[in-house]
S.K.: 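Here it is: the structure, laid out below.
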Amino acid sequence: MNKQEKYEQLESQVKSLIAGERDEVSVLANVAAALRESMDFFWVGFYLVRGDELWLGPFQGSVACYRIPHGRGVCGTSWAKNETVVVEDVEAFPGHIACSSLSRSEIVVPLRDEHGAVRSVLDIDSTELASFDDTDRRQLEQIMAIVERGIYHTAAS
């Protein structure tokens, strides 16, 4: 099965997995587990917006940073720009926060409420350089749109 097919299968799984569940922590925990198992990523987790910081939320993988300031590192940059950030080499990213020395590349996708405000970010790390491409970006944004409608929009669809 190629990457696109894996993502399509994962999208269907996530839809079923979160159907009818609105609790943020529960949904994000199961989505992190599904992503890691389906795609065999090194680290998958969510950081939750709390004031002017991102706080560690549900994740799968090795220990992680507890808090990330707005605009700092890949996660804080994604939050500040309100857009997905793909980093081929984290060592070359200005201000990268090294939660694990094993991380080599990263993708971060913001999750937004119905007003477009970032409520959390999905953070995925790989131990390989340049692991993430446009397929990952596009598919993860699509899957996170399903998740955000389920937990961050007042009238879930």
Side-chain angles (χ1 to χ4, degrees), residues 1-19 24 27-49 54 56-62 64-65 68 70-153 156-157:
M1 188 178 309
N2 68 30
K3 184 191 294 192
Q4 179 67 35
E5 292 168 333
K6 284 183 181 181
Y7 274 120
E8 289 169 4
Q9 186 174 34
L10 177 62
E11 181 177 335
S12 177
Q13 179 186 7
V14 166
K15 284 179 182 177
S16 296
L17 187 65
I18 70 171
E24 178 183 38
V27 168
L28 296 182
N30 271 334
V31 170
L35 279 163
R36 186 154 190 240
E37 287 178 12
S38 297
M39 304 304 291
D40 197 32
F41 293 128
F42 168 66
W43 195 93
V44 177
F46 292 90
Y47 280 91
L48 313 175
V49 173
L54 292 169
L56 180 63
F59 72 94
Q60 296 280 311
S62 56
C65 300
I68 298 172
H70 187 260
R72 293 270 326 274
V74 182
C75 291
T77 298
S78 175
W79 175 25
K81 291 183 172 186
N82 195 355
E83 65 185 35
T84 299
V85 176
V86 179
V87 178
E88 292 185 355
D89 180 356
V90 296
E91 297 299 323
F93 188 85
H96 175 252
I97 300 169
C99 296
S100 170
S101 60
L102 299 176
S103 178
R104 302 292 303 161
S105 61
E106 189 170 356
I107 185 169
V108 179
V109 181
L111 283 81
R112 303 166 186 94
D113 64 20
E114 67 270 18
H115 305 292
V118 177
R119 296 283 303 273
S120 62
V121 297
L122 166 68
D123 181 17
I124 302 176
D125 292 7
S126 173
T127 57
E128 304 294 323
L129 289 170
S131 288
F132 305 106
D133 58 20
D134 194 55
T135 298
D136 296 291
R137 182 197 55 74
R138 186 178 62 256
Q139 293 301 131
L140 289 168
E141 287 176 346
Q142 191 167 315
I143 292 168
M144 290 307 104
I146 294 164
V147 173
E148 65 192 15
R149 281 192 306 270
I151 58 175
Y152 295 135
H153 296 193
S157 48

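What you see below is based on every heavy atom in this structure, not just the backbone, and it leaves out hydrogens, waters and symmetry mates. Residue indices begin at 1 and follow the sequence shown. Keep in mind that this is a model prediction, so the values were computed, not measured.
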S.K.: Roughly how far, to the nearest 0.5 Å, is the CG atom of Leu129 from the CZ atom of Arg104?
M.R.: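 Going from CZ on Arg104 over to CG on Leu129, the span is 4.5 Å.
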
S.K.: Would you say Glu24 and Leu48 make side-chain contact, with heavy atoms under 4.5 Å?
M.R.: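 Result yes, sub-4.5 Å side-chain heavy-atom pair found.
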
S.K.: Carefully, step by step, assess Leu140 and Tyr7 under the rule side chain to side chain contact (heavy atoms under 4.5 Å, CB included).
M.R.: CA-CA 8 Å; Leu140 289 168; Tyr7 274 120; 3.8 Å; yes

S.K.: Any idea which heavy atoms bring Pro110 and Val118 closest together, and the distance?
M.R.: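 So the two residues come closest at CB-CG2, 4.0 Å.
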
S.K.: Considering only heavy atoms from C-beta outward, does the side chain of Asp136 approach that of Val86 to under 4.5 Å?
M.R.: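 Asp136 does not reach Val86 side chain to side chain.
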
S.K.: Using the side-chain hydrogen bond (donor to acceptor under 3.5 Å, both in side chains) rule, collect all pairs that involve residues 108-124, keeping only residues at least two apart or in two chains.
M.R.: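 Qualifying pairs, neighbours excluded: Asn82-Arg112, Ser120-Tyr152.
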
S.K.: Carefully, step by step, assess Met39 and Val44 under the rule side chain to side chain contact (heavy atoms under 4.5 Å, CB included).
M.R.: CA-CA 10 Å; Met39 304 304 291; Val44 177; over 6 Å; no

S.K.: Please find the pair of heavy atoms, one from Trp43 and one from Ser62, that lie closest to each other, and give the distance.
M.R.: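 Minimum heavy-atom contact is NE1-O, 2.9 Å.
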
S.K.: How many angstroms lie between atom CD of Gln139 and atom CG of Asp134, to the nearest 0.5 angstrom?
M.R.: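 If I round to the nearest 0.5 Å, the distance is 9.5 Å.
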
S.K.: Rounded at 0.5 Å granularity, tell me how far CG in Leu122 sits from CG in Leu28.
M.R.: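 That separation rounds to 9.0 Å.
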
S.K.: Rounded to the nearest 0.5 Å, what separates atom OG in Ser131 from atom CD1 in Ile107?
M.R.: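 Reported to 0.5 Å precision, the distance equals 10.5 Å.
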
S.K.: Do Gln9 and Gln13 meet the criterion of a side-chain donor-acceptor pair at a distance under 3.5 Å?
M.R.: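 On atom types as modelled, these side chains do not qualify, holding no pair under 3.5 Å.
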
S.K.: Tell me whether the count of non-hydrogen atoms from other residues, nucleotides or ligands lying under 6.0 Å of NZ in Lys3 goes above 12.
M.R.: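 Check passes, neighbour count above 12.
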
S.K.: Where do Lys15 and Ile146 come nearest, in terms of heavy atoms and distance?
M.R.: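 Between these two residues, the closest heavy atoms are CE-CD1, 3.5 Å.
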
S.K.: Heavy atoms only: give me the nearest Thr84-Glu141 pair and the separation to one decimal.
M.R.: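 Nearest heavy atoms, Thr84 then Glu141: OG1-OE2, 2.5 Å.
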
S.K.: Quick one: are Ile18 and Asn30 in side-chain contact, heavy atoms under 4.5 Å?
M.R.: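 Side chain of Ile18 against side chain of Asn30, heavy atoms only: no contact under 4.5 Å found.
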
S.K.: Please test Ile68 against Val121 for side chain to side chain contact (heavy atoms under 4.5 Å, CB included), starting from the C-alpha separation and ending with a verdict.
M.R.: CA-CA 11 Å; Ile68 298 172; Val121 297; over 6 Å; no

S.K.: Mind checking whether Phe132 and Phe41 have parallel, tilted or perpendicular rings, split at 30° and 60°?
M.R.: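 Plane angle between 30° and 60°, so tilted.
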
S.K.: For Ser103, what residues pass the side chain to side chain contact (heavy atoms under 4.5 Å, CB included) criterion, not counting sequence neighbours?
M.R.: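 Testing Ser103 for side chain to side chain contact (heavy atoms under 4.5 Å, CB included), a comparison that skips the adjacent residues, returns Val90, Asp125.
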
S.K.: With heavy-atom distances below 4.5 Å as the criterion, would you say the side chains of Leu35 and Gln60 are in contact?
M.R.: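 Counting from C-beta outward, Leu35 and Gln60 never come under 4.5 Å.
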
S.K.: Evaluate the side-chain proximity of Arg138 to Gln4: yes if any heavy-atom separation is below 4.5 Å, no if none is.
M.R.: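 Yes, at least one pair of side-chain atoms sits under 4.5 Å.
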
S.K.: Count the heavy atoms of every other residue, nucleotide or ligand shown that sit under 6.0 Å from CD of Glu88, and state whether that count exceeds 12.
M.R.: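 No, because the 6.0 Å sphere around CD of Glu88 holds 12 heavy atoms or fewer from other groups.
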
S.K.: Restricting to non-hydrogen atoms, name the atom on Ala34 and the atom on Leu10 that form the minimum distance, rounded to 0.1 Å.
M.R.: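 Minimum heavy-atom separation between Ala34 and Leu10: O-CD1, 3.8 Å.
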
S.K.: With a 3.5 Å distance limit and no angle check, can you tell me whether Ser105 reaches the backbone of Glu128 through a side-chain donor-acceptor pair?
M.R.: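 Present.
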
S.K.: Look only at the side chain of Glu5 and the backbone of Asn2, and say whether a donor-acceptor pair between them is shorter than 3.5 Å.
M.R.: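 At least one qualifying donor-acceptor pair exists.
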
S.K.: If I compare all heavy atoms of Cys75 with all of Tyr47, which pair ends up nearest, and what's the gap?
M.R.: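 Of all heavy-atom pairs spanning Cys75 and Tyr47, the closest is SG-CD1, 4.1 Å.
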
